[in-house]
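First comes the structure, then the notes that go with it.
Order of listing sets the numbers, starting from 1, for every ligand and every atom in it. This is a predicted model, so every value here is computed, not measured. Throughout, numbering of the chain's residues begins at 1 and tracks the sequence.
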Amino acid sequence: MIRQTVLLFGPPGSGKGTQAKKLEKALRSPHVSTGDMFRDHQSRRTELGLKVEHILKTGQLVPDAVTNEMVRERLLRPDASLGVILDGFPRNVAQAKWLDTFLTTRGYGVLGVIVIEVPDPELASRIKSRAAKEGRSDDADEQAIARRLDTYRKQTEASVGYYKTANVPVHVVNGVGSVDEVERRIASALGLVVS
Ligand code: ADP
């Protein structure tokens, strides 16, 4: 059986979560968002949630060992056995290498990497309106936003480079337009048929 995973990259506010939900339907694989998982831990006030509270609020990366372990547990759940849509992971080269080993030893392949691109001014206005709607503290804090963007440019984009050298198909998709338009661009990049 071929087990396929899609990795979604894009700066904060680029619409990864929205598009991951669309892909979830098209690929019939679960959407796994490390950001959502950390926020879920926070709202349940678990030990992990309390540990990462300050890190998330200030827009820093959670240590790799903590994040990788959370992802490992998630990917071992039965619903992930046919593959997953990963949103927000990996975020640096060390995480990408860890994921590579994890997937290879379990016979998974990466169907493709999608990089959603959106110009910075548009990102800023999207994050502002999300802050008003969802009340994420890291979306309301200018410094946290700047730090997340900086981390994306410096560390996460380097992990896109890692996939390019590993010969995994990397598709750069324009993230400006309606949700449906972006969905169509992603689907066609991955060779999927959308209804
Ligand atoms: P965004 O893409 O809008 O910045 P996410 O919801 O993907 O937001 O992530 C929110 C926060 O969760 C990040 O700023 C970071 O603190 C933490 N986080 C998410 N994914 C990772 C990861 N792979 N490694 C380390 N920290 C992460």
| said: Out of the candidates Lys128, Arg148, Arg126, only one should pair with Asp139 under the salt bridge (charged side-chain N to carboxylate O under 4.0 Å, His left out) rule; please name it. | reply: Arg148
| task | Quick one: sort the Phe89 and Trp98 rings into parallel, tilted or perpendicular, breaks at 30° and 60°. | result | perpendicular
| task | Answer with side chain, backbone, both or neither: which part of Gln155 has a heavy atom less than 4.0 angstrom from an atom of ligand 1? | result | neither
| task | List the atom of Pro30, the atom of Ala80, and the distance in Å for their closest heavy-atom pair. | result | CG-CA, 4.2 Å
| field | Pair Asp79 + Arg28: basic N to acidic O under 4.0 Å | value | no
| Do NZ/NE/NH1/NH2 and the carboxylate oxygens of Arg184 and Glu181 come within less than 4.0 Å? | no
| field | Contact atoms of ligand 1, heavy-atom distance to Arg39 under 4.0 Å | value | 6 (O), 10 (C)
| query | Taking 4.0 angstrom as the limit, do Arg44 and Asp40 come out as a salt bridge? | reply | yes
| query | In this structure, are over 12 heavy atoms from other groups packed under 6.0 Å from Glu122 atom CD? | reply | yes
| query | Is the closest heavy atom of Arg130 to ligand 1 under 4.0 Å? | reply | yes
| query | Between Asp64 and Arg91, is the closest basic N to carboxylate O distance under 4.0 Å? | reply | no
| field | Arg91, any N or O under 3.5 Å of ligand 1 N or O | value | yes
| note | Nearest non-hydrogen protein atom to atom 26 (N) of ligand 1, with distance, is Val62 N, 3.0 Å
| query | Which atoms of ligand 1 are found less than 4.0 Å from any heavy atom of Lys16? | reply | 2 (O)
| task | Under 4.0 Å from a heavy atom of Thr67: give me the atoms of ligand 1 that qualify, with their elements. | result | 22 (C), 23 (N), 24 (N), 25 (C)
| said: Under a 4.0 Å threshold between the charged nitrogen and the carboxylate oxygen, would Asp100 count as salt-bridged to Lys97? | reply: no
| For atom 27 (C) of ligand 1, closest protein heavy-atom neighbour | Phe38 CE1, 3.7 Å
| request: Just jot down the ligand 1 atoms closer than 4.0 angstrom to any heavy atom of Thr34, in number order. | output: 19 (C), 20 (N), 21 (C), 23 (N)
| said: Checking the N or O distance criterion of under 3.5 Å, is ligand 1 in contact with Ser33? | reply: no
| note | The option among Gln60, Lys57, Arg148 carrying the non-hydrogen atom nearest to atom 15 (C) of ligand 1 is Gln60
| Should Pro11 be counted as touching ligand 1, given the test is an N or O pair under 3.5 Å? | no
| task | Check Leu61 against ligand 1 and report side chain, backbone, both or neither, counting heavy atoms closer than 4.0 Å. | result | both
| Closest protein heavy atom to atom 8 (O) of ligand 1, given as residue, atom name and distance to 0.1 Å | Arg136 NH2, 3.1 Å
| query | Any idea which protein heavy atom is nearest atom 11 (C) of ligand 1, and the distance to it? | reply | Leu56 CG, 3.8 Å
| When only distance counts, is Gln95 in polar contact with ligand 1, meaning an N/O pair under 3.5 Å? | yes
| remark: Interatomic distance, CG@Asp150 vs CD@Gln155, rounded to 0.5 Å, equals 8.5 Å
